[in-house]
Amino acid sequence: GTKRNVAKVLVYLINTKEATSRAIERGIDLRQPEVSLAIKYMAGQGWVTSDEIPSAKKGRPNKKYALAIPVKDIMASIEKNTRDEANQQLALVKKMKNYI
């Protein structure tokens, strides 16, 4: 019930506890923008936290990501969202039947 890239990042973080975006990219063979979008979605859901790691050289600091809530709570959230979407679709189908 979730996007493939989000699912990949989620499974990766479940197995590694915490990782940088670079490690995630390499670990699941995604490009940086794909990882960034998946992390942004997950952060918006409250599933991940991030900490900045100062860079050894000049430039931007790296970010380290970890799951913010237990996996069972994340799965419950995914299940609820999927159920809600299915109910919305069924409601639209019923509405269409009334017009026919």
Side-chain angles (χ1 to χ4, degrees):
T2 181
K3 295 179 182 172
R4 181 176 295 219
N5 291 345
V6 172
K8 284 182 175 183
V9 173
L10 179 60
V11 169
Y12 187 84
L13 287 175
I14 289 169
N15 291 320
T16 60
K17 304 299 180 211
E18 63 182 25
T20 62
S21 57
R22 186 68 140 163
I24 296 169
E25 289 171 34
R26 291 179 178 164
I28 56 179
D29 196 31
L30 290 178
R31 298 173 325 175
Q32 184 274 327
E34 295 167 328
V35 171
S36 187
L37 287 172
I39 291 290
K40 186 175 180 177
Y41 174 81
M42 293 170 69
Q45 298 292 318
W47 298 348
V48 294
T49 59
S50 64
D51 292 325
E52 288 193 359
I53 304 168
S55 179
K57 301 176 183 176
K58 291 182 180 178
R60 289 185 175 186
N62 293 318
K63 286 192 176 184
K64 179 175 59 173
Y65 300 100
L67 294 179
I69 60 176
V71 176
K72 67 178 185 170
D73 293 343
I74 294 172
M75 297 308 293
S77 175
I78 291 170
E79 184 179 341
K80 180 187 177 303
N81 289 341
T82 303
R83 189 174 288 124
D84 290 347
E85 287 176 19
N87 287 336
Q88 286 176 346
Q89 293 295 322
L90 286 172
L92 288 174
V93 169
K94 287 178 184 177
K95 197 173 187 180
M96 283 176 44
K97 280 184 177 180
N98 290 336
Y99 290 120
I100 296 177

Single-linkage hydrophobic cluster, 4.5 Å side-chain cutoff, L37 and W47 together: no

Shared hydrophobic cluster, I14 / V9 (ILVMFWY, side-chain heavy atoms < 4.5 Å): yes

Testing the basics here: between [X] and [Y], what is the closest heavy-atom pair and its distance to 0.1 Å?
X: A68; Y: G46; answer: CB-O, 3.7 Å
X: P54; Y: P61; answer: CA-CB, 4.2 Å
X: R31; Y: E34; answer: N-OE1, 2.8 Å

Once you round to the nearest 0.5 Å, how far does [atom1] of [X] lie from [atom2] of [Y]?
X: R4; Y: I28; atom1: CZ; atom2: CD1; value: 12.0 Å
X: M42; Y: L13; atom1: CE; atom2: CG; value: 5.5 Å
X: K63; Y: D51; atom1: NZ; atom2: CG; value: 10.0 Å
X: L10; Y: L67; atom1: CG; atom2: CG; value: 6.0 Å
X: S36; Y: E25; atom1: OG; atom2: CD; value: 9.0 Å
X: N62; Y: R22; atom1: CG; atom2: CZ; value: 9.0 Å

Under 3.5 Å, sequence neighbours excluded: what are the donor-acceptor pairs made by side chains of residues 70-80?
from : atom 1 : to  : atom 2 : distance (Å)
E79  : OE2    : R83 : NH2    : 2.7
K80  : NZ     : D84 : OD2    : 2.8

Minimum side-chain heavy-atom gap I24-I39 below 4.5 Å: yes

Heavy atoms from other residues, nucleotides or ligands near CG of N87 exceed 12 (cutoff 6.0 Å): yes

Derivation and outcome, side-chain contact (heavy atoms from CB on, under 4.5 Å), residues Q45 and N81: CA-CA 11 Å; Q45 298 292 318; N81 289 341; 4.0 Å; yes

Under 3.5 Å: donor-acceptor pair, side chain of T16, backbone of Y12: yes

